[in-house]
Amino acid sequence: MNYENIQKCYRDIDNERFWEVPCLDELDKKYGDYVYAYLQEELYAVRKHGFVDVFILVKADSPIKAVDRVMEIFKN
């Protein structure tokens with residue numbers, strides 16, 4: 001990803017509303033701490049609730065997979 005694309009993503013994140021991760025099973029609460037914004041071409045910005053300026057850009061084909069990748073990063 002080049003510099004211009006990164007800057008566009010930052011602008012999109014500033015203007016984008018972050019959404020709750022859709023959970024199919026209400027008993028599965030592990031996604032509840034995270035919110036996401038879909039940017040472009042399967043690129044997601046994921047952050048924890050309450051964090052405005054801290055997020056991770058993740059390539060994934062669903063918001064759940066994006067949050068799973070973020071949780072894997074923090075687990076290791």
Side-chain angles (χ1 to χ4, degrees):
M1 181 179 288
N2 64 29
Y3 178 78
E4 289 81 18
N5 285 346
I6 291 172
Q7 290 303 312
K8 182 188 178 309
C9 286
Y10 280 130
R11 284 191 305 275
D12 290 347
I13 290 166
D14 282 341
N15 297 327
E16 184 69 37
R17 181 173 175 201
F18 277 74
W19 302 93
E20 301 285 331
V21 177
C23 295
L24 299 177
D25 184 359
E26 281 300 317
L27 298 176
D28 188 2
K29 302 293 184 189
K30 70 181 181 179
Y31 300 105
D33 290 340
Y34 296 90
V35 292
Y36 76 94
Y38 180 77
L39 301 175
Q40 62 183 15
E41 299 174 8
E42 297 183 342
L43 182 65
Y44 290 85
V46 178
R47 69 181 185 202
K48 280 198 162 200
H49 274 290
F51 289 85
V52 177
D53 295 332
V54 179
F55 56 86
I56 296 177
L57 299 177
V58 182
K59 280 283 226 188
D61 58 8
S62 76
I64 291 175
K65 289 181 182 177
V67 172
D68 278 338
R69 287 188 177 180
V70 170
M71 288 190 292
E72 283 177 27
I73 290 168
F74 288 120
K75 186 171 32 171
N76 294 331

Nearest 0.5 angstrom please: [X] [atom1] to [Y] [atom2], how far?
| X | Y | atom1 | atom2 | result |
| --- | --- | --- | --- | --- |
| Tyr44 | Trp19 | OH | CH2 | 13.5 Å |
| Tyr36 | Ser62 | OH | OG | 9.0 Å |
| Tyr34 | Asp68 | OH | CG | 10.0 Å |

- Query: Please walk me through it: do Lys48 and Val54 pass side chain to side chain contact (heavy atoms under 4.5 Å, CB included)?
  - Reply: CA-CA 8 Å; Lys48 280 198 162 200; Val54 179; over 6 Å; no
- Geometric cation-pi criterion Arg47 and Phe18, 6.0 Å radius, 45° cone: yes
- Task: Could you please spell out the steps behind the side chain to side chain contact (heavy atoms under 4.5 Å, CB included) verdict for Val35 and Glu20?
- Result: CA-CA 5 Å; Val35 292; Glu20 301 285 331; 4.1 Å; yes
- Task: Would you sort out whether Leu57 and Leu39 count as a side chain to side chain contact (heavy atoms under 4.5 Å, CB included), showing the intermediate values?
- Result: CA-CA 9 Å; Leu57 299 177; Leu39 301 175; 3.6 Å; yes
- salt bridge (charged side-chain N to carboxylate O under 4.0 Å, His left out) contacts touching residues 56-66 (sequence neighbours left out): Asp61-Lys65
- Query: Is any side-chain heavy atom of Val70 closer than 4.5 Å to a side-chain heavy atom of Val58?
  - Reply: yes
- Message: Applying side chain to side chain contact (heavy atoms under 4.5 Å, CB included) to Met71 and Tyr31, what does each step give before you reach the verdict?
- Response: CA-CA 9 Å; Met71 288 190 292; Tyr31 300 105; 3.8 Å; yes
- Item | Closest non-hydrogen atom pair, Ala60 against Ala66 | CB-N, 3.6 Å
